[in-house]
Structure formats: C-alpha cells, structure tokens
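We count ligands from 1, going down the list as the structure has it; atoms in each ligand are counted the same way.
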Amino acid sequence: MTDESALKPQDREAELSGEWTHDNQQWWNQYMASADNRVACAPEVAVEQNEAPKYIGSLPTIYDLQTELNASYELDPIAIGQFNRDGYVKLKQVISSGALALLRQEMEATLRDDLGENPKLDFRSGEMMWLTNNIFRQFVLSPRIAEIAAALMRVQRVRLYHDNSLAKEPGCGRTPWHYDAEHFPIDSNNVCTAWIPLQPIPQNMGPLAFAVGMETCRLVESVESSRFDTSYDRTVGKIFAEHGVDVDDGPFGLGEISFHHSRSFHTAGPNNMKSSRMVLATTYFEDGACVVPSPTMISGDWRKFMPGVDAGEPIRSRYNPVCFPREG
Ligand SMILES: O=C(O)CCC(=O)C(=O)O
C-alpha cells in the first residue's frame, strides 16, 4: 500500500463525510488492510501449494463468446427464493470453461499492463476495462448475466454500476467482512453483484463466503464502521459467531458464479494456493435509482463510474448502460 493512500485515525471524520481522493486500487489496498488476519478461517484447511488447472482446448472466437453471453440462462425459480431469503445465491454452469479461460488470459495481460509486476501488490484490481476491451465488454454487458440479476431482484430493467477485475494473489490474506450497500452510493434496495470466478476456487484459494440471511446485517448495524483498522472486521466476525450465523464458504466449481445482494455480508479467506484467484465482479442496479444524497469517503471512486452525475441525481451516464433488456 502507498503511504499517501493509507487512512489514518485523523481521517475518521472524512470517512464519514468526505470523499475518497485516491484511485480504485488504493481503495482496495485500504480495504484489504482492514482485514483481521489473526482470525482462523473456518473450517481450517491445510496450506497447499497447488496450481489452478490449466484450460486445454481452443479458445472461443468473439462471435462464440457473444452468442454464449447473449443467451438466456435457465434460472430455477427456487434460486430467486434463495437469493431473497439468504441474500445470495450460487448458480452452476452459467459460463463455459472456454469463455472463462479467454477472459482470464485477457485479465492477466490487462492487469500486468496497468499495474506492472509489483510483487508487493497482493490484491490487484482494475475497473472499466469494458470500455476499451471487447472481451471484457461481452462479459460486463452480458444480457445473460444481467437477466439473472434482474430476475433475482424481481425488477424489469437493470443498469451497470461498475465492473471490477479482482486478482487475489498467492499469499494474500482475508477480505474483511462487509456489505456493499455501505460503499455503493446508490439509493435503492435493488442492487446486486455477480461474482464470476475465472478458475475453480477451492477453499484454500479464498472463495467468496456469505453470512446466510438477508436480514443478518441487522445483527451488526450498530457496529461502528471503520476502515483504518481491523476493528470492524473483527467485531462483525465475533458477533456472527456469537449468534451462530451460518457462513457459506464453500468452493466454486468452474462455470459457477454467485450473485449477492448489496445488503449481504460477505468475506473471503486467504489465497493459499500457488496461482492467482481471478474474478470479474459486475454490479447492477434497478433502472431509475439515484445517487444517495451524501456519498462519503467509503463510497470510493464512485464519480468515475458515472461521470456527470451528482449526489441525488438518477444514475444513467454513458457508463451505466441498461444491460437487460438489451437496448438497440
Ligand atoms: O473478491 C473478493 O475477495 C471480494 C469481492 C467483493 O467483496 C465483492 O465483489 O463484493
């Protein structure tokens, strides 16, 4: 982490009322530094030094990719109930192994070009790659994925908030407990994120893990948010354990993706494998939603994701296209 982006106790007030003045990578650096890595990850797993399996076969063409990512997924109505009860759902076989391999190759190259080979950066992130890269564009604006998001939230039309390329490198620690509504400055209850792993994620690679229950967030609503130390992460974990909250920290198979509501509490374990845990996370919201009246520092780089949109205004900049139903 760079010194100038590290939040200090004197930033406390700004955290509540000011705006984030650094970039998105610095925001993630700050975020990851607020994880309590003394917490044992449940269940305990042996540290293994495995490689993720390599894709063998020819990669799809852009035409194949487009066809796959435009086609509807057969969503079981039970999944809609699960999402609304548990706050998240994991769906199998949403994306083919070839399409995932193609995006993984692209993400590796793009993050390397953008961030260099910095061994100190153990959680690398990128965003808005769909603006300049057609493979990212097919995924991020995919009607297949956005249609699932709309169905789960039971809304007619969804727009893109942002995409996030997330590479948790070997040796990177936990992702702290959090819920996204705290830092997405979107004034709506209909916001969700598709978390798309680009390789299988066994438990010792740090799969996204969910506190089961849409209302689980209420247990910790009085815990004071803090991103300049590990107290928030530690306290939330402790309260969930005391209340016997179920945590689904199961592995992800290849092609499996999760959708989590912005009120769903989630975390992720460390990456104890030898290869990078690469994920594309895309966030969608109900068309018509506005920016909250007073975004704060914890809302991060939000202005970049909706140029020209101000606090309180409807979010429909050119960077927030309607992804489902596909327009035009
Ligand atoms: O990938 C991670 O470890 C965290 C991602 C996350 O919190 C999210 O996409 O909402």
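Under a cut-off of 6.0 angstrom, the local environment of CZ in R137 is sparse, with at most 12 non-hydrogen atoms contributed by other residues, nucleotides or ligands.
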Begin from the C-alpha positions of F324 and Y284 and carry the test ring pair (Phe, Tyr, Trp, His ring centres under 6.0 Å) through to its verdict. CA-CA 10 Å; F324 181 80; Y284 306 95; over 10 Å; no

Report the C-alpha separation of W195 and F252 in whole Å, then their side-chain angles, then the decisive distance to 0.1 Å, and conclude whether the ring pair (Phe, Tyr, Trp, His ring centres under 6.0 Å) test is met. CA-CA 11 Å; W195 198 77; F252 282 67; 5.1 Å; yes

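Of all the atoms in ligand 1, the ones that sit under 4.0 Å from a non-hydrogen atom of L166 are 1 (O), 5 (C). Within ligand 1, the atoms closer than 4.0 Å to a non-hydrogen atom of A281 are 9 (O), numbered from 1 in the order shown. Set against the non-hydrogen atoms of D180, the atoms of ligand 1 under 4.0 Å away are 10 (O). Taking every non-hydrogen atom of T175 and a distance limit under 4.0 Å, the qualifying atoms of ligand 1 come out as 2 (C), 3 (O), 4 (C). The atoms of ligand 1 that sit less than 4.0 Å from any heavy atom of A268 are 3 (O).
Salt-bridge check for E117 with R112: passed, with a basic side-chain N closer than 4.0 Å to an acidic carboxylate O. R263 has no carboxylate O lying under 4.0 Å from a charged side-chain N of D180, or vice versa, which leaves the two without a salt bridge.
Nearest protein heavy-atom neighbour of atom 1 (O) of ligand 1: R277 NH2, 2.6 Å. Of all protein heavy atoms, the one closest to atom 6 (C) of ligand 1 is H266 NE2, 3.8 Å.
Considering both main-chain and side-chain atoms, W195 comes within under 3.5 Å of ligand 1 through a nitrogen or oxygen pair.
Ring-centre distance between F139 and W130: not below the 6.0 Å cut-off.
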